[in-house]
Amino acid sequence: MSAPSQASPSNAVAMGEACQSCAVFRAARLRKLGVRMGQADFVVALAGNPNTGKSTVFNALTGLRQHTGNWPGKTVTRAEGAFEYNGRRYKLVDLPGTYSLLSTSPDEQVARDFLLFAQPDVTVIVTDATRLERNLNLVLQVLEVTDRAVVCVNLMDEAERHGLQVDTRQLARDLGVPVVGTAARRGRGLPELLQAIEDVATGRVRCLPHRLPEPPPPLREAVRVLVDKLERIYPGLPNARWVAMRLLAGDESILNAIRTGTIAELAAARFSGQASPQTATS
Amino acid sequence: MNESVATPSSPEVNDLLQTAQQYRQRLQGDLHEQMVEAIYSEAERIVARAVSTPATPARPTFDRTLDRIVTSRVWGFPIMFGLFAVMFWITISGANVPSGLLAEWLVERGHPWLRELALAWGWPEWFRGLTIDGMYLATAWVVSVMLPPMAIFFPMFTLLEDFGYLPRVAFNLDALFRKAGAHGKQAMSLMMGFGCNAAGVVSTRIIDSPRERLIAILTNNFSLCNGRWPTQFLMAALFIGALVPAPWSSLIAAGAVIGVAVLGVLLTFAVSWALSRTVLKGQPSAFSLELPPYRPPRLWQTLYTSLLDRTLFVLWRAVVFALPAGALIWLSANVHVAGDSVAAHLVRGLDPVAFWLGLNGVILLAYVLAIPANEIVIPTVLMLTVLVTGTPEAGAGAGVMFEVEDSNLLKQLLLQGGWTTLTAINLMLFSLLHNPCSTTLYTIYKETGSLRWTAWAALLPLALGFTVCFLVARLWHWLT
């Protein structure tokens with residue numbers, strides 16, 4: 001695994017005076033732009049289970065004051081904001097919370113379609129430190145479809161309150177992507193998160209994301225055949241392998257997308273701010 | 001991009017789908033299940049290596065104990081009831097002083113001052129009346145009556161939500177809502193509706209199923225919103241409290257208002273049940289609720305965001321509707337046709353229908369004119385009563401809404417207008433059951449995108465209101 005462990009922001013441990021003099025911490029570097037976007041250098045998607053503090057992270061980075069309630073499933077519209085860090089502009093898209101990319105509720109389809117077809121430069125997956133096992137479900141699925149991701153283990157203060165200890169370095173080693181521990185409500189861990197986003201976006205850190213073990217031979221064959229066909233019919237379709245697996249699983253929404261031709265549109269529409277990530281394949 | 005290849009009915013696409021189906025049938029076992037299983041076992045493995053848990057159970061005792069009390073079969077409902085009663089009491093008593101202050105500045109001082117100004121500028125009489133007596137006054141009333149209670153209720157509600165208590169309420173009420181064919185999350189919009197129905201309608205966004213969302217929207221009006229409380233309290237205090245000897249009167253009056261509010265909640269369930277059997281048939285959708293851990297609410301952030309998101313947003317819409325309404329009210333009282341003002345004509349025309357319902361023409365006209373905001377119903381009623389009975393000492397002129405400090409004087413005025421206890425009771429009921437205010441109707445239209453359902457939202461409560469008032473009037477006349 002290259003770079004992540006050396007440059008891993010999760011190396012930085014306690015906050016303190018040292019931080020004030022550290023370049024990473026200086027607030028001047030982070031300019032919260034709210035919704036003033038203009039041309040962004042990078043597009044960052046914010047994904048994660050509901051009620052993990054995604055919107056708090058979003059607000060902290062963009063300076064927007066989207067109301068965040070203690071109620072699962074609160075983000076019912078997709079929010080976009082922007083921030084500038086180290087002279088580069090980032091567009092941040094807060095996707096609705098989703099438990100899995102494999103299910104079919106409209107919220108989850110919005111998130112899924114964006115991640116799969118809009119191909120953001122960095123995907124930040126926000127997880128709840130107190131519910132890591134369940135949250136990793138989504139993390140692992142996202143790592144199947146992108147290789148530029150950062151895992152944000154949020155609510156570390158809650159974990160401490162419950163007596164849990166999360167070893168973010170070990171997680172980073174196992175997952176193959178930068179893992180940053182944060183307590184967004186208190187502003188902890190955000191400089192490291194920003195640094196990790198920058199590292200992945202600029203390619204300074206190259207992730208080797210954990211991928212699920214290879215499927216058994218008959219399945220591999222089926223996937224290969226379908227991927228061939230898909231790439232011929234829809235050249236440039238991102239994540240063709242994932243689409244093939246879903247076809248084999250009989251995923252209704254993907255089948256529909258192919259039957260109605262929506263998938264062709266999604267394949268062609270790169271997210272440049274014009275294509276609306278709200279198109280759900282249904 | 002090769003368009004012809006990508007069209008849905010092209011042979012390549014059919015071939016793709018067929019191949020997929022063939023493979024699917026050939027492969028043994030459910031691929032989906034296999035993938036999910038693989039993901040879960042990987043997740044377990046990774047977490048086991050990175051997370052260490054203490055020997056004691058994951059959730060601290062505080063959360064568990066509180067949940068056991070708050071969702072218990074015995075204590076759950078009383079706690080909910082008590083908590084909301086406290087919230088309402090704080091809102092009412094807390095809003096009194098700011099409302100009075102705002103009324104003093106905007107209405108008692110602001111209004112005459114603006115009149116002077118308009119005189120000084122030489123504005124023609126009718127223009128002065130239209131803009132200052134009509135538009136400004138209506139808006140001033142709405143702001144002074146609407147703003148303080150909302151500024152108190154919404155932050156409290158949001159703090160409770162932040163704390164994590166509200167999902168527990170949804171949990172408690174879910175069983176009832178399911179029996180009514182609706183969704184447990186309707187409990188949220190029901191509670192919000194007690195602050196403002198427009199905000200309640202917006203909060204139905206958390207309900208995924210369109211059918212259940214519609215039910216929640218259509219029945220939200222039965223939550224007695226802040227704007228209607230003054231009407232309720234006034235009627236209860238003047239007429240119902242007056243039925244019993246002094247020491248008991250305020251208790252009975254409060255009881256009457258609580259009774260009306262509870263009736264509203266019962267009707268929410270009943271109408272939801274009826275809707276889900278008739279016009280909005282369907283199965284209740286699954287509701288899996290994750291009870292979030294209790295978190296200390298963040299006071300200042302909550303106050304700030306709830307102010308922007310809820311209070312100011314609703315207030316803005318209300319003002320936008322109050323301006324034209326004020327104009328109409330003034331016009332109706334000052335435009336004279338065939339020897340009398342339009343308002344007087346309408347009152348006389350509506351009287352027969354109204355008596356049949358146990359109300360009177362003044363009330364019906366006031367409700368028509370006050371569609372923008374429930375807050376201006378009483379001032380409009382008083383203005384019209386004065387107009388119709390020709391009581392010159394009260395009020396500040398034709399078409400000028402007002403309120404009366406002295407409750408005795410107020411009662412005298414109403415009695416002169418022909419009001420009885422029946423009128424008061426039916427006004428309380430009609431206030432609960434009439435169509436939503438225009439702000440809410442506009443919000444409903446924006447949320448549903450359908451004129452048809454907005455019409456339903458307006459006519460269903462209205463029809464219910466007419467029916468109930470009629471029945472009560474019959475009952476009353478039969479008993480007395």
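Letters go in sequence order (proteins before strands), and every chain restarts at 1.
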Under 4.5 Å heavy-atom distance to chain B, tell me which part of A:L140 shows up: side chain, backbone, both or neither. side chain

Polar side-chain atom of A:N135 near backbone of A:N49 as donor-acceptor pair, under 3.5 Å: no

Measure A:L138 against the heavy atoms of chain B and call it side chain, backbone, both or neither at under 4.5 Å. neither

In terms of heavy-atom proximity below 4.5 Å to chain B, should A:V225 be classed as side chain, backbone, both, or neither? side chain

With a 4.5 angstrom heavy-atom cut-off, which part of A:E144 approaches chain B: side chain, backbone, both or neither? neither

Do you see a donor-acceptor pair shorter than 3.5 Å between the side chains of A:S100 and A:N137? no

For chain B, which of A:M245, A:E221, A:E133 has the most heavy-atom pairs under 4.5 Å? A:E133

Would you sort out whether A:Q170 and A:R173 count as a side-chain hydrogen bond (donor to acceptor under 3.5 Å, both in side chains), showing the intermediate values? CA-CA 5 Å; A:Q170 181 60 45; A:R173 264 183 240 130; 2.9 Å; yes

Using atom types as modelled and distance alone, determine if a side-chain donor or acceptor of B:K185 lies under 3.5 Å from a backbone N or O of B:I206. yes

Measure the spacing between CD of B:E212 and OG1 of B:T204 and express it to the nearest 0.5 Å. 12.0 Å

